[in-house]
Amino acid sequence: MPTRAGLLGLGSNVGDRRAQLQAAVDALPGAGVTPTACSSTYDTDPVGEVLEQPSFLNACVLVQTAHEPLELLGEVKRLERELGRRQGGARHGPRAIDIDILLLGELQLAEERMRLPHAQLLSRRFVLIPALELDFSLRAPGGERLADALAALGVDEGVRWAGPPLRLPGG
């Protein structure tokens with residue numbers, strides 16, 4: 001079965017944040033997703049609709065998968081539930097684990113449940129910094145360079161290096 005490269009974003013601000021991110025990376029192979037590289041972790045200020053909450057720990061993971069986009073979305077949502085993410089609650093509120101599909105090859109998709117590339121890919125420092133750590137030449141399917149998007153953003157969104165890369169499964 002042919003596979004395509006993807007980029008996932010991970011985040012947690014409940015409990016042992018690093019352990020939550022590592023558990024997500026470790027669970028990916030069981031969901032038909034092979035992690036190939038993990039970024040460092042970054043402590044980040046909350047953004048979005050709920051600003052009064054603990055800071056997040058974020059990272060990005062390069063992956064390979066044969067899943068189609070909506071099938072992959074189903075798998076990552078299943079993993080989130082298994083890893084302790086509660087359903088409901090405020091959008092952008094506190095969560096044990098968040099797994100976002102940022103890129104999946106050159107696919108572009110606009111479905112009710114999913115957009116590719118991720119709608120905030122080019123506007124979030126906490127995504128762009130770890131993604132560019134993994135591959136400085138990354139581009140969105142429309143050709144936009146992630147490095148150019150980062151350079152165009154203000155520095156009001158706090159993103160601080162927090163620790164070394166997450167371990168690849170079996171590593």
Side-chain angles (χ1 to χ4, degrees), residues 1-12 17-42 44 56-85 87 91 95-153 159 163-171:
M1 238 159 109
T3 64
R4 59 174 66 92
L7 177 68
L8 303 180
L10 307 178
S12 174
R17 301 174 308 162
R18 185 175 177 93
Q20 298 276 23
L21 299 186
Q22 188 63 59
V25 172
D26 292 343
L28 288 171
V33 179
T34 303
T36 59
C38 296
S39 76
S40 298
T41 57
Y42 293 84
T44 65
F56 281 83
L57 194 66
N58 291 101
C60 284
V61 182
L62 290 174
V63 299
Q64 289 284 328
T65 186
H67 289 311
E68 292 300 322
L70 293 174
E71 181 182 18
L72 178 59
L73 180 64
E75 288 294 320
V76 300
K77 293 302 174 196
R78 179 184 60 78
L79 286 179
E80 287 178 344
R81 287 188 305 276
E82 289 177 3
L83 295 170
R85 180 158 180 180
Q87 300 303 304
R91 180 171 165 79
R95 49 207 176 271
I97 190 67
D98 187 34
I99 306 171
D100 287 329
I101 304 165
L102 303 170
L103 293 169
L104 192 55
E106 292 294 317
L107 292 180
Q108 296 185 52
L109 181 69
E111 296 264 340
E112 183 178 332
R113 294 179 49 219
M114 177 182 202
R115 284 195 46 180
L116 282 174
H118 190 282
Q120 280 112 24
L121 172 67
L122 300 175
S123 63
R124 299 286 199 218
R125 291 173 57 82
F126 71 83
V127 168
L128 293 168
I129 290 171
L132 290 167
E133 176 187 324
L134 292 170
D135 183 351
F136 196 75
S137 67
L138 279 173
R139 292 178 181 267
E144 306 93 335
R145 289 174 16 106
L146 272 60
D148 292 340
L150 179 61
L153 292 177
V159 178
L166 298 164
R167 278 184 338 275
L168 290 173

Quick one: do Leu8 and Ile101 satisfy side chain to side chain contact (heavy atoms under 4.5 Å, CB included)? Show the steps, please.
CA-CA 5 Å; Leu8 303 180; Ile101 304 165; 3.9 Å; yes

List, one per line, each side-chain donor-acceptor pair under 3.5 Å for residues 67-82, sequence neighbours excluded.
| unit_1 | atom_1 | unit_2 | atom_2 | d |
| --- | --- | --- | --- | --- |
| His67 | ND1 | Glu71 | OE1 | 3.4 |
| His67 | ND1 | Glu71 | OE2 | 3.2 |
| His67 | NE2 | Ala31 | O | 2.7 |
| Glu71 | OE1 | Glu68 | N | 3.3 |
| Glu75 | OE1 | Arg78 | NE | 3.3 |
| Glu75 | OE1 | Arg78 | NH2 | 2.6 |
| Lys77 | NZ | Glu80 | OE1 | 3.3 |
| Arg78 | NH1 | Glu82 | OE1 | 3.1 |
| Arg78 | NH1 | Glu82 | OE2 | 2.7 |
| Glu80 | OE2 | Arg85 | NH1 | 3.4 |
| Glu80 | OE2 | Ile99 | N | 2.7 |
| Arg81 | NH1 | Lys77 | O | 3.4 |

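- Checked against side-chain contact (heavy atoms from CB on, under 4.5 Å), Ala66 has the following partners two or more places apart in sequence or in another chain: Met1, Thr3.
- Across all their heavy atoms, Leu168 and Cys38 have their closest contact at CD2-SG, 3.7 Å.
- Under the side chain to side chain donor-acceptor pair (under 3.5 Å) criterion, Thr65 pairs with no residue, sequence neighbours left out.
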Given Val33 and Gln64, is the side chain to side chain contact (heavy atoms under 4.5 Å, CB included) satisfied, shown in steps?
CA-CA 6 Å; Val33 179; Gln64 289 284 328; over 6 Å; no

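- Closest approach of Phe126 and Thr44 over heavy atoms only: CB-CG2, 3.5 Å.
- In terms of the side-chain contact (heavy atoms from CB on, under 4.5 Å) criterion, residue partners of Ala37 (sequence neighbours excluded) are, by chain and number, Leu62, Leu134.
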Output a table of donor-acceptor pairs, distance under 3.5 Å, between side-chain atoms of residues 20-29 and any protein atom two or more places apart or on a different chain; print 'none' if there are none.
| unit_1 | atom_1 | unit_2 | atom_2 | d |
| --- | --- | --- | --- | --- |
| Gln22 | OE1 | Arg167 | N | 2.9 |
| Gln22 | NE2 | Asp26 | OD1 | 3.0 |
| Gln22 | NE2 | Arg167 | O | 2.8 |

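- With rounding to the nearest 0.5 angstrom, the CG atom of Asn58 is 9.0 Å from the CZ atom of Arg17.
- In plain terms, the two heavy atoms of Cys60 and Ala131 that are nearest each other are SG-N, 3.7 Å.
- For the side chain to side chain contact (heavy atoms under 4.5 Å, CB included) criterion with Leu104, the lone passing option out of Arg4, Met114, His118 is Arg4.
- Contact detail for Ala59 and Ser40: the closest heavy-atom pair is CB-O, 3.7 Å.
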Could you go step by step and tell me if Leu7 and Val61 meet the side chain to side chain contact (heavy atoms under 4.5 Å, CB included) rule?
CA-CA 6 Å; Leu7 177 68; Val61 182; over 6 Å; no

Evaluate side chain to side chain contact (heavy atoms under 4.5 Å, CB included) for Tyr42 paired with Leu57, printing each intermediate quantity in order.
CA-CA 5 Å; Tyr42 293 84; Leu57 194 66; 5.9 Å; no

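- Closest approach of Phe136 and Ala147 over heavy atoms only: CZ-CB, 3.6 Å.
- For residues 131-145, the salt bridge (Lys or Arg N to Asp or Glu O under 4.0 Å) pairs, not counting sequence neighbours, are Arg145-Asp148.
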